[in-house]
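Letters go in sequence order (proteins before strands), and every chain restarts at 1. The shown structure was predicted, so the numbers you read here are calculated from the model rather than taken from an experiment.
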Amino acid sequence: MDPKLEKPYNPADTESRIYDLWQESGFFQPENLSGDRSKPFTIIMPPPNANGHLHAGHALFVTIEDLMIRYKRMRGFKTLWLPGADHAGFETQVVYEKKLEKEGRSRFGMDRQKLYDEIMAFTLENKKYMEAELKALGASCDWSREKFTLDPAIIKTVYGTFQQLYDDDLIYRGKRLVNWCTKHQTSLSDLETSTETRIDKLYYLQYGPLVVATVRPETMFGDVAVAVNPDDERYQQYIDQDIEVQTPIGSMKLKVVADPIVEKDFGTGALKITPAHDQNDFDLAKRHNLPAIEVIDQFGKLNDKTGKYTGLKVDEARTTVVADLKELGLLIKEEPYEHNVIACYKCGRVLEPRVIPQWFVKMEPLAKPALKAVYDGDIKIIPDFSKKIFTNWLDNIRDWNISRQIAWGIQIPAKICPKCDFGVPDLENKKTTCGQCGSELVQDPDTFDTWFSSGQWPFATLGYPENKDYKNFYPTAVMETGADILFFWVARMIMLGLYRTNQIPFHTVYLHGMVRDGQGLKMSKSKGNVINPIEIVNKYGADALRMALVIGNTPGTAMALAEDKIKAYKHFSNKLWNISRFILSYAPTDNETPTEANLLKEFNELATAVTNDLENYRFYLAGEKIYHYAWHRLADEIIEESKAILATPGEVADTRRQTLRLILGQTLKLLHPFMPFVTEELWQIGKFSTTSSLLIVEDWPHQND
RNA sequence: GCAUCCUUAGCUCAGCUGGUUAGAGCGUACGAUUCACAUUCGUAAGGUCACAGGUUCGAUUCCUGUAGGGUGCACCA
């Protein structure tokens with residue numbers, strides 16, 4: 001018996017050695033795989049944010065994607081799993097800002113290039129950890145093809161898409177109301193916001209002859225009108241008339257307009273219109289040709305149009321203005337009011353809508369082909385119900401603001417006119433004069449929303465349009481990612497992929513749910529219930545973690561990951577080890593020895609069922625079946641019964657010996673995509689190989705389906 | 001408000017197109033064992049499959065409704 005088998009299984013002694021063995025073999029690269037391999041199977045890895053260490057969610061995607069790749073590799077596909085790293089624009093800048101704050105520094109006032117360089121160094125450092133951790137989890141991805149979202153070739157592709165969208169009139173520069181975070185000093189897309197329910201006060205204010213209800217009295221200096229419902233009998237006489245409104249800093253003239261969005265029953269039925277600081281008001285103002293007057297600046301302070309309130313923060317201004325209105329007898333009443341506010345998804349601060357010129361992508365023309373691809377079944381989404389969520393979102397999509405006022409990211413290749421807000425793409429950096437007003441153009445300082453570039457990831461990483469990889473591996477097979485980024489990322493990849501390449505980027509979307517703690521609670525540092533995958537790997541082995549992540553985990557739903565569960569699969573690794581110890585302690589017989597058809601038939605039925613589950617993305621069932629067979633059938637029954645049979649040397653014993661050895665080898669194959677390390681180690685020790693030396697490229701037990 | 005998912009053993013969850021005594025892991029109780037097992041094996045307890053209707057020969061599984069929970073989206077100042 002191999003001396004390694006003398007000791008209990010120790011993943012720590014095994015896993016890195018086995019990973020090196022695979023890497024040296026070159027089998028992670030599709031061109032090194034032997035055989036016909038005419039059918040490609042490609043997965044583009046969702047590039048982890050290169051701003052920290054991997055968390056349990058990363059371990060989950062690695063497990064599922066590696067499982068699919070290993071399975072398909074054994075099935076004879078030309079498998080490519082392309083790894084990557086994401087600079088993660090805003091996300092990383094936020095992480096870095098926190099670091100700066102700890103050091104008593106701030107990004108504001110820093111030289112832009114210096115900030116960029118610092119974050120780049122930080123990111124490249126973290127990228128190394130991330131890569132090492134992917135390896136520790138057993139990721140059999142092709143490192144020779146690894147991409148980073150800021151690679152020059154990627155940026156070139158992204159720029160090309162920007163230009164093409166502009167030429168097709170699908171991108172425009174618009175001065176519209178955008179979500180503005182006063183802490184992070186950037187606009188955010190609609191997706192980068194979170195809604196928060198709050199109880200504020202609803203103030204009833206005397207506006208000339210009318211009374212309006214508002215939660216934001218401090219914006220009254222930016223009012224341009226009062227709106228009423230056209231059918232509201234109370235206000236007919238005022239419609240289209242000017243009214244004189246008294247404020248703490250003087251009086252102002254407002255027009256009364258009629259618009260159906262105003263609810264007669266809410267408040268007083270009269271609505272003050274502040275186009276620069278409210279989305280509905282902005283839309284209404286457009287319909288009525290009203291101007292937008294900004295009274296709050298980018299830091300969330302009142303500006304010089306507000307007289308004595310200039311410089312006050314919004315909250316302070318609100319209290320002060322209300323007090324002053326009360327004094328003037330203009331505050332009729334106030335009542336508590338529960339409503340939702342839009343907040344920054346990172347810092348939780350209430351976003352301040354601002355009117356600034358930004359680049360927008362017209363979404364409807366892009367959404368339609370994406371919807372069709374999903375409706376027609378060209379793209380299948382697992383689980384099935386997420387298809388409805390997906391189409392519901394695309395059906396109601398709004399234009400996408402892709403400008404970010406941050407340094408960390410891909411700078412938008414465009415020139416803008418500071419005078420008239422005109423903007424034009426300029427990839428060659430040649431344009432100098434504004435085509436609209438003749439002023440001098442300047443480089444747009446903004447960067448792309450990180451999802452604009454990562455939305456092009458599948459074809460950008462493969463080198464669209466001329467690279468061989470693009471021709472060989474696109475469209476890719478499966479996009480496996482978190483259900484939480486279905487809109488952020490998956491939808492954008494489908495839309496931009498279809499737009500740029502005229503092909504779907506992948507035929508299947510597999511969405512995994514969030515990994516929770518053992519009680520089903522969200523993991524967070526403050527709760528102290530975070531499971532660090534690398535600590536787990538060191539303690540129980542990557543195989544155990546992988547099994548714990550796969551079994552009992554259905555697509556699209558959150559899963560609970562308790563340490564006890566991982567421990568249970570550590571025991572399973574050991575069980576497998578001991579099954580092998582028992583079987584391998586008997587010397588192999590010669591090839592002529594007959595085998596037991598009934599036991600092999602039973603195994604083949606298992607292999608068929610497992611294969612069927614894997615083909616249908618039911619990894620949780622496949623894993624459970626093999627586990628159950630190995631432990632409760634092979635070990636508990638077949639081996640137990642074999643002890644007596646093997647005790648008496650002879651033909652019967654030889655037949656059993658041969659059968660056991662065959663079944664063990666096949667079981668290791670079935671288990672390999674789930675538990676790659678221990679199975680490869682046992683495959684090596686048992687010298688099962690007939691054609692190749694590595695289990696990673698052995699044939700799958702079940703070949704005809 | 002709209003959409004969507006969930007409610008199955010003490011806990012966390014499976015149960016794929018409806019069909020014999022509803023499963024897994026952990027936990028619990030009792031017993032055995034160092035013969036492959038830094039342990040393992042055996043046995044057991046524990047579920048009116050949220051509730052109410054309906055379809056069906058038959059429903060945990062399909063349909064409708066009710067209650068509770070989660071998630072997403074959109075909102076009336």
Mind checking if A/His277 touches a base, just sugar-phosphate, or nothing, with heavy atoms under 4.0 Å? nothing
For a quick test of reading the model: is some side-chain N or O of [X] closer than 4.0 Å to OP1 or OP2 of [N]?
X	N	answer
A/His571	B/U40	yes
A/Lys388	B/C5	yes
A/Tyr620	B/G15	yes
A/Lys387	B/C5	no
A/Asn612	B/C16	no
A/His632	B/G23	no

Rounded to whole angstrom, note down the [atom1] distance from [N] over to [M].
N	M	atom1	result
B/C49	B/U7	P	13 Å
B/G46	B/C5	P	35 Å
B/A38	B/U43	C1'	25 Å
B/G72	B/U55	C1'	33 Å
B/G15	B/A9	C1'	14 Å
B/A36	B/A50	C1'	47 Å
B/G68	B/G54	C1'	23 Å
B/A67	B/A22	C1'	25 Å

Give me the atom names and distance for the closest heavy-atom approach of A/Phe688 to A/Arg661. CE2-O, 3.4 Å
Kindly indicate whether a cation-pi arrangement holds for A/Arg176 with A/Phe360, taking the cut-offs as under 6.0 Å to the six-membered ring centre and within 45° of the axis. yes
Output the single nucleotide from [options] whose closest atom is nearest the side chain of [X].
X	options	result
A/Trp631	B/A77, B/U40, B/G25	B/U40
A/Glu624	B/U40, B/U4, B/A24	B/A24
A/Tyr627	B/G72, B/G25, B/U4	B/G25

Mind checking whether A/Asp259 and A/Asn229 have side chains closer than 4.5 Å, heavy atoms only? no
Report the distance from atom CD1 of A/Ile551 to atom C1' of B/C13, rounded to the nearest whole Å. 12 Å
Considering only heavy atoms and no angle criterion, is a donor-acceptor pair shorter than 3.5 Å present between the side chain of A/Glu640 and the base of B/A36? yes
Apply side chain to side chain contact (heavy atoms under 4.5 Å, CB included) to the pair A/Thr193 and A/Cys344, showing each step before the final yes or no. CA-CA 5 Å; A/Thr193 64; A/Cys344 171; over 6 Å; no
A/Tyr569 pairs by ring pair (Phe, Tyr, Trp, His ring centres under 6.0 Å) with which of A/Trp631, A/Tyr627, A/Tyr540? A/Tyr627
Does A/Glu364, at its CD atom, have more than 12 non-hydrogen atoms belonging to other residues, nucleotides or ligands within less than 6.0 Å? no
Could you summarise the pairing of RNA chain B as dot-bracket text, marking Watson-Crick and G-U pairs under 3.5 Å with ( ) or [ ] inside the strand and | across strands? (((((((..((((.....[...)))).(((((.......))))).....(((((..]....))))))))))))....
